[in-house]
Each structure stands twice: as structure tokens, then as C-alpha cells.
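Read the structure below first, then the notes.
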Protein chains: 2
Amino acid sequence: MRNQKIGFNYPPTKVGCPVETTLDVIGGKWKGIILYHLIDGKKRFNEFRKLYPAITQRMLTLQLRELEKDGIVHREIYKEIPPKVEYSLTEFGRSLEPIILLMKEWGETHKNRIISARTVEKEEI
Amino acid sequence: MRNQKIGFNYPPTKVGCPVETTLDVIGGKWKGIILYHLIDGKKRFNEFRKLYPAITQRMLTLQLRELEKDGIVHREIYKEIPPKVEYSLTEFGRSLEPIILLMKEWGETHKNRIISARTVEKEEI
DNA sequence: AAACATAGTATAAAACTGTATACTACAGGG
DNA sequence: CCCTGTAGTATACAGTTTTATACTATGTTT
């Protein structure tokens with residue numbers, strides 16, 4: 001283990017780079033999708049499932065709960081049967097809007113480039 | 001498995017939400033940190049390790065290679081002994097600057113709020 | 001001759017994430 | 001009385017990521 005020593009002690013935790021803080025909040029597997037759709041207004045649980053059927057119920061629940069815990073998303077429960085729950089952005093969540101919109105634009109503009117950069121598996125044999 | 005059927009067929013792959021495309025590029029565990037520091041100019045391999053000693057060599061290599069494959073980062077090898085390799089943003093990588101800077105601002109502004117939102121383990125018994 | 005520096009690679013294990021499947025509650029409709 | 005719909009929860013397993021540790025190359029310095 002010669003190489004690992006680098007002349008100073010490791011900090012106990014990752015001292016936050018601010019960019020990492022933001023990515024921690026919005027970087028979950030389905031959070032981009034969730035936030036992107038919440039910008040247009042509130043959504044019900046199964047609306048998300050219809051928009052992205054590949055999300056399992058468990059993952060959707062987990063991601064929404066994390067966003068809720070971070071104060072980004074508000075969860076409104078209607079005491080009805082069958083159940084009705086609406087998700088929406090909080091005021092705080094709205095502060096992410098410019099970032100989400102920039103990411104949306106960037107993704108739209110460069111999506112094809114990224115896809116082709118990643119599908120070059122073998123150029124030559 | 002009553003609940004999983006939802007009245008339409010699952011698509012074969014996740015049809016890209018543009019926000020997800022962007023998060024796929026910048027959302028890796030250490031990519032925020034890497035990109036944030038590359039905005040100031042080129043960096044050598046061990047400079048990153050000194051900035052964030054918790055990154056292992058392997059992770060740093062993997063993250064840099066992914067950014068390189070996506071065309072975000074340029075890797076310049078100097079044929080010297082001991083080795084010297086410099087990493088920098090490509091022209092394409094520069095197009096991420098506005099997003100990185102917004103994320104940096106958001107993180108700086110709301111870091112404490114996020115930390116405390118996440119450390120409320122039990123309010124009452 | 002041994003040690004140092006840089007930029008990695010190799011391998012295995014541990015930790016975390018995500019999936020699959022089954023299950024719950026309750027009111028209304030047939 | 002059984003089925004439907006909504007919004008979940010529970011459990012176990014599979015898959016992916018991340019970590020830990022050791023190792024490589026090679027020219028220069030001690």
C-alpha cells in the first residue's frame with residue numbers, strides 16, 4: 001500500500017463541494033424525470049408510472065420520499081377511497097427550476113452526441 | 001402481481017428524458033467535483049487526489065475515463081518520467097459550465113438546509 | 001542498491017441500489 | 001361475494017458501484 005499514502009490525513013467525511021450537494025439532491029436515478037414533470041404542475045403517483053412505466057412502485061416511492069425529505073416536493077394526501085395523493089414542487093423546490101431547465105436544454109441539444117459517443121464499442125479489431 | 005399491470009406495454013428501454021441525459025453525463029459520484037475544479041483550468045491526476053483525498057485512484061480513473069468518452073474532458077499525456085497527465089475541459093465540456101456554476105451557487109446557498117433536512121432522524125418518540 | 005515520484009491497473013470483497021413479486025386497505029360496482 | 005382501482009409496503013434477491021489492497025513501469029535521486 002505504498003501508493004495510497006499521500007502526505008496528509010483523510011478527512012472524516014467528504015467535505016462538501018457545493019456542486020456535489022446539488023447533485024445529491026437532484027441526482028437520484030429518477031429524480032430528473034420527476035422534477036422535470038413537476039415543473040408543469042402537480043402529478044399523482046400513477047401519472048408518473050404512466051409517464052415512465054419502467055419505474056417500479058418501490059423506486060418511485062423511495063425517490064419521492066427523498067425529495068420530500070429534502071423539502072423539494074410536497075405530498076398532499078386526500079382522504080378518499082381509492083386513495084389520492086398529489087405531488088408538487090415546494091417553494092424551495094422551485095429554486096431548482098433554472099437548473100432543471102438548463103439541464104433539459106443541454107440534454108435536448110446534445111443527446112445524440114452523447115448516445116453516439118457511448119455506442120462506439122469497438123472501432124477496430 | 002395484480003398491481004403491476006397498468007394497461008400498456010413497457011418500452012424496451014428508458015426513452016430518454018432530456019434531464020436524465022444530462023444527469024447521466026454529470027451525475028457520477030465524483031463528476032461534480034471534477035468538473036467544478038476543471039472550470040478553473042487543467043489539473044493533473046494527483047491534484048484531484050489532493051483536493052479530495054477520499055477518492056480512490058480507481059474511482060478517479062473511472063470517472064475521468066467516462067467524462068473523456070463523453071467528450072467532456074481532454075486527457076493530455078506527456079511522455080515524461082515520472083508520468084505527467086493533464087486533464088482539461090474540451091470545448092464541448094465548456095457547454096456544461098452554466099449548469100455547473102448554477103449548481104455550485106445552489107449548493108452554496110442551500111447546503112445547510114439540505115444537511116439539516118437530512119439529519120432529523122427522530123423528532124419524537 | 002534502495003527509495004521516490006507519477007499515473008495508473010488488477011482483483012476481490014463489501015456496500016449500496018434496483019428489481020421482482022406478493023401483499024395490504026377500503027369503498028363502489030356487477 | 002368477488003373484482004376493480006389507488007397508493008402504497010414487505011421481503012428477498014440480483015446487479016451495480018465503490019472500496020481496499022496490492023501491484024506495475026521507469027528515470028532520477030540518495
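To find a chain, count down the sequence lines: A is the first, B the second, and so on, and within it residues start at 1.
Within the 4.0 angstrom heavy-atom criterion, no nucleotide atom of any strand lies near Y78(A).
The NZ atom of K50(A) sits 12 Å away from the C1' atom of dA7(D) (whole-angstrom rounding). When rounded to the nearest whole Å, the span between CZ of F48(A) and C1' of dG8(D) equals 15 Å. Rounded to whole Å, the distance from CD1 on I81(A) to C1' on dA7(D) is 10 Å. Atom P of nucleotide dA5(C) and atom CZ of F45(B) are separated by 16 Å, given to the nearest angstrom. The nearest whole Å value for the distance from the CG atom in N46(B) to the P atom in dA5(C) is 10 Å. Atom CD of E80(B) is separated from atom P of dA7(C) by 10 Å (rounded to the nearest Å). Atoms NZ (K79(B)) and C1' (dG8(C)) sit 16 Å apart, rounded to a whole Å. Whole-Å rounding puts the K84(B) NZ to dA5(C) P distance at 18 Å.
Here the side chains of L35(A) and V19(B) are not in contact, with every heavy-atom distance at 4.5 Å or above. Side-chain contact between Y78(A) and E86(A) is present, with at least one heavy-atom pair separated by less than 4.5 Å.
Under the 30°/60° scheme for interplanar angles, the aromatic rings of W106(B) and F92(A) are found to lie parallel.
R75(A) has a side-chain polar atom (N or O) that falls below the 4.0 Å cut-off from OP1 or OP2 of dG8(D). Under 4.0 angstrom from either OP1 or OP2 of dG8(C) there lies no side-chain N or O belonging to R44(B). For dA5(C), the OP1/OP2 oxygens have no side-chain nitrogen or oxygen of R49(B) closer than 4.0 Å.
Among all heavy-atom pairs drawn from R44(A) and P83(A), the shortest one is NH2-O, 3.4 Å. Between K43(B) and H37(B), the closest heavy-atom pair is NZ-O, 3.5 Å.
Comparing dG8(D), dT9(C), dT6(C) by their nearest atom to the side chain of Q57(B) picks out dT9(C). When distances run from any side-chain atom of P82(A) to the nucleotides dG5(D), dA7(C), dG8(D), the shortest one goes to dG5(D). Checked against dG8(D), dG8(C), dA7(D), the side chain of T61(A) finds its nearest nucleotide in dG8(D).
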Are there any protein N/O atoms within less than 3.5 Å of an N/O atom in nucleotides 14-19 of chain C, and if so, which ones and at what distance?
unit_1  : atom_1 : unit_2 : atom_2 : d
dT19(C) : O4     : R58(A) : NE     : 2.6
dT19(C) : O4     : R58(A) : NH2    : 3.4

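With hydrogens and angles disregarded, a donor-acceptor distance shorter than 3.5 Å links the side chain of T22(A) to the backbone of M103(B).
The number of heavy atoms from other shown groups lying within 6.0 Å of NZ (K84(A)) is above 12.
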